[in-house]
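Step one of this worksheet: look at the structure below.
The chains referred to below are lettered A, B, ... by the order of the sequence lines, with proteins before strands, and numbering in each begins at 1.
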Amino acid sequence: MAEVKDVLDKIGFGYGLLGEHPMRARAYTNGARIIKKLGKGVRAAYYDGELGKIRGIGKGLLGTIGAVLEGRPVPQLAELEERIPAGLFETRRIRGIGPSKIRALWHELGLTTVAEIEYACNENRLVDLKGFGPKTQETVLASIAAMREGREGLRQDQAQEGARAALQRLEAEGIRAALVGDVRRGTEIATSVDLLVLGDEAVQDRAGKLLAGEGTVPVTVTGCADPSLFAVHTLLATGTSGHIEALAARAGERGGSLDAEGLFLDSGMGPHLVDCEDEDAVYAALGLHPTPPARREPGVPLVGVGVARPRLLRREDLRGALHNHTTDSDGIHGLEEMRAAATAAGLEYLGISEHSRTAAYAGGLPVDRLLDQVQRIAAMNDARGDDAVLLTGVESDILRDGGLDYPDEILAALQVVVASVHTRYSADPDAMTARMCAVARNPFTAVVGHPTGRLLLGRPASPYDVEAFLDACAEGGCAVELNANPQRLDLDEVHCAMAKERGVLVSISPDAHSAQALSHLDHGVVIARRAGLGPDDVLNCMPLGQLEAWLDGRPRP
DNA sequence: GCCGTTTTCGGCCCGACTGTTTTCAGTCG
């Protein structure tokens, strides 16, 4: 099914391309942005009637959204598709040029696909157009190249959603299947959803055909015909190969083997097949604690029974969540709704950190509005009953020199200052390292938000010295964020592990711009587990009292 | 198309940056 936000975005772009209804175009584009912030909850929000209450979603957009959700045709889109060559819609993914410039390419040069635009750049044909020049042509070319590189792959949220749908479909047909591969291990990007089905080739074929037309997510089906080997095959197909090799080596040490034939061990009378009902039984037979899928990576040691195993983070260890937005800046739900959602999610506290005054595009708060919110939060906490406690704060832009966006006396009035870069990502690496180290050493910084600024499949991480930055965090006593928005997952698992090594706490934050988006925390937990983090490594595993003590105990001028 | 009325029209996030200009349009966040 077409995604709501893509349809709205397409319509907005289409109107922009025709240049006929600029404000109507803006309304659709804005709608797409709202849906994106909502995350997965569009369908529920639509049927609950919540969607229509959101500012920016009116009767027209609601009708369009309903049509998409129910699989009905969308007249506006149909009309645009009639008037605009299909390939042009794809060109909206080229960064650096927007509807106006693409319109010029279409009308002046007759270009209607990404490939044609790329070709024209190589022939140097863009430079002479009015409003274009050598720099623009270069930008376009670089952007198209980046699109090519980044397009391949599924984000964790897309992959999980696709896996859920596929498994449901097979179950409805009475086919037993298990999720295996990268998606099961929780990698930030996967190439396909890998499923193992139980059955002979006929069953596998049927499963493959059932899923071929489903959704947009590529699914790879493999089969196992022998029910008694299903657990071993699940293990093998989950990987990684490095992990499996380590297990096979262990079986070898015991006179046996582990491969598609099953687990064989020698108890004195030659190797015999071990009956394994599930994966845990395989590990147990090898004298091991089971390794969770997230940790089945090369280099992660196996843990023998009798040896204490590291306690990996679980979702229920999270006591709260810092870094969230409301309608006061660019969120789509108010303080009350966000608090209710946090309470429902079992959180003890919720940190509110709106954009700061420099981030005008995101409704960043000037001092008076920020202080007003602080007062409203205090009043809400006074009369909160069993609700989650709200923490005051801000997501301060990190200025060019590494400074924060408010005077000290304002920052001092806040509980949680999250500091994030939102502009000038591509400054040179040395300057960026200095900027990030400066903010890490700033006594007002509690958490550095999405430290590398990457967008998965979209924008590369800022190239700077992250290790030097983490050293500065350790020195300054601040925490680093694992931004759990599946488009970011920033810091990544490698850097999270580096933070742990240095004793730098990790704050797993949903960066929620809607109530639904608190569920991003799940993605953060997966990455934290892959990084080997336990509850002691995560700032928001602290109960409220301890967190407050940590915040208060940090040196401030 | 959305919104909020000073309610049926007339505004629409807004400032920085970039590359193109010669005073600004387009794009981005």
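- Across the P atoms, B:dG11 and B:dC17 are found 29 Å apart, a figure rounded to whole Å.
- Without hydrogens or angle criteria, A:T64 side chain to A:G60 main chain gives a donor-acceptor distance under 3.5 Å.
- Going from the P atom of B:dC14 to that of B:dT21 covers 29 Å, rounded to whole Å.
- Among the protein residues, A:Y28 comes within range of the sugar-phosphate backbone only, with heavy atoms under 4.0 Å from sugar or phosphate atoms but none that close to a base.
- When the P atom of B:dC3 is taken as reference, atom CD1 of A:I332 falls 13 Å away, rounded to whole Å.
- Side-chain contact annotation: A:T358 with A:S356, donor-acceptor N/O pair under 3.5 Å absent.
- Of the two residues near DNA chain B, A:G96 and A:M23, the one whose nearest nucleotide lies more 5' is A:M23.
- Within residues 46-55 of chain A, the residues that place at least one heavy atom under 4.0 Å from DNA chain B are, in residue-number order, A:I54, A:R55.
- A:F469 and A:P451 get closest at one heavy-atom pair: CE2-CB, 3.8 Å.
- Taking every side-chain heavy atom of A:R26 into account, B:dC13 is the closest of B:dG29, B:dC13, B:dC17.
- Comparing the C1' positions of B:dG10 and B:dT6 gives an interatomic distance of 12 Å, to the nearest angstrom.
- Straight-line distance from the CD1 atom of A:I398 to the C1' atom of B:dA16: 18 Å, rounded to whole Å.
- With A:R488 as the fixed residue, the side chain to side chain contact (heavy atoms under 4.5 Å, CB included) test singles out one of A:L482, A:L456, A:D511: A:D511.
- Looking at every heavy atom in both residues, A:H450 comes nearest to A:S420 through CE1-CB, 3.5 Å.
- Within the 4.0 angstrom heavy-atom criterion, only backbone atoms of the sugar-phosphate kind lie near A:R400; the bases stay farther away.
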The contact string for nucleotides 18-23 of chain B, one letter per nucleotide 5' to 3', using protein heavy atoms under 4.0 Å with B, S and - for base, sugar-phosphate only and none, comes out as -SS---
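- Summarising the geometry, the separation between CG on A:D405 and C1' on B:dG15 is reported as 13 Å, rounded to the nearest angstrom.
- Listed for the A:Q373 side chain is no donor-acceptor partner under 3.5 Å among the backbone atoms of A:L370.
- B:dT22 and B:dC28 are spaced 23 Å apart, taking the P atom of each and rounding to whole Å.
- Proximity of A:R92 to the phosphate of B:dT27: no side-chain N or O atom is located under 4.0 Å from OP1 or OP2.
- Of the possible polar contacts, one joining the A:H333 side chain to the A:A515 backbone as a donor-acceptor pair under 3.5 Å is found.
- A distance of about 32 Å separates the C1' atoms of B:dA16 and B:dC9, rounded to the whole Å.
- Going from the C1' atom of B:dT18 to that of B:dT23 covers 15 Å, rounded to whole Å.
- Only the C1' atoms considered, B:dT20 is 13 Å distant from B:dT27, to the nearest whole Å.
- Distance OH (A:Y15) to C1' (B:dG1): 9 Å, rounded to an integer number of Å.
- One interatomic measurement links the two molecules: CZ of A:R369 to P of B:dC14, which rounds to 11 Å at whole-angstrom precision.
- Ring orientation note: the planes of A:H355 and A:H325 are close to parallel, at an angle under 30° on the 30°/60° scale.
- For the pair A:T358 and B:dG15, the criterion of a side-chain N or O lying under 4.0 Å from OP1 or OP2 is not met.
- Screening A:I35, A:V68, A:I34 against A:V42 for a side chain to side chain contact (heavy atoms under 4.5 Å, CB included) leaves a single residue, A:I35.
- Following rounding to the nearest Å, A:D397 (CG) and B:dA16 (P) show an atom-to-atom distance of 12 Å.
- We find that CZ of A:R33 is positioned 10 Å from C1' of B:dC28, with the value rounded to whole Å.
- B:dC13 and B:dG4 have their P atoms separated by 12 Å, given to the nearest Å.
- Classification of the A:H520-A:H523 ring pair by plane angle, with boundaries at 30° and 60°, yields tilted.
- In this structure, A:I97 atom CD1 and B:dA25 atom C1' are separated by 15 Å, rounded to whole Å.
- Each of A:I57, A:I65, A:L38 was checked for a side chain to side chain contact (heavy atoms under 4.5 Å, CB included) with A:Y46, and the lone residue meeting it is A:I65.
- Across all strands shown, B:dT8 forms no Watson-Crick or G-U wobble pair with both distances under 3.5 Å.
- Of the candidates B:dC28, B:dG1, B:dT27, the closest approach to any side-chain atom of A:K101 belongs to B:dT27.
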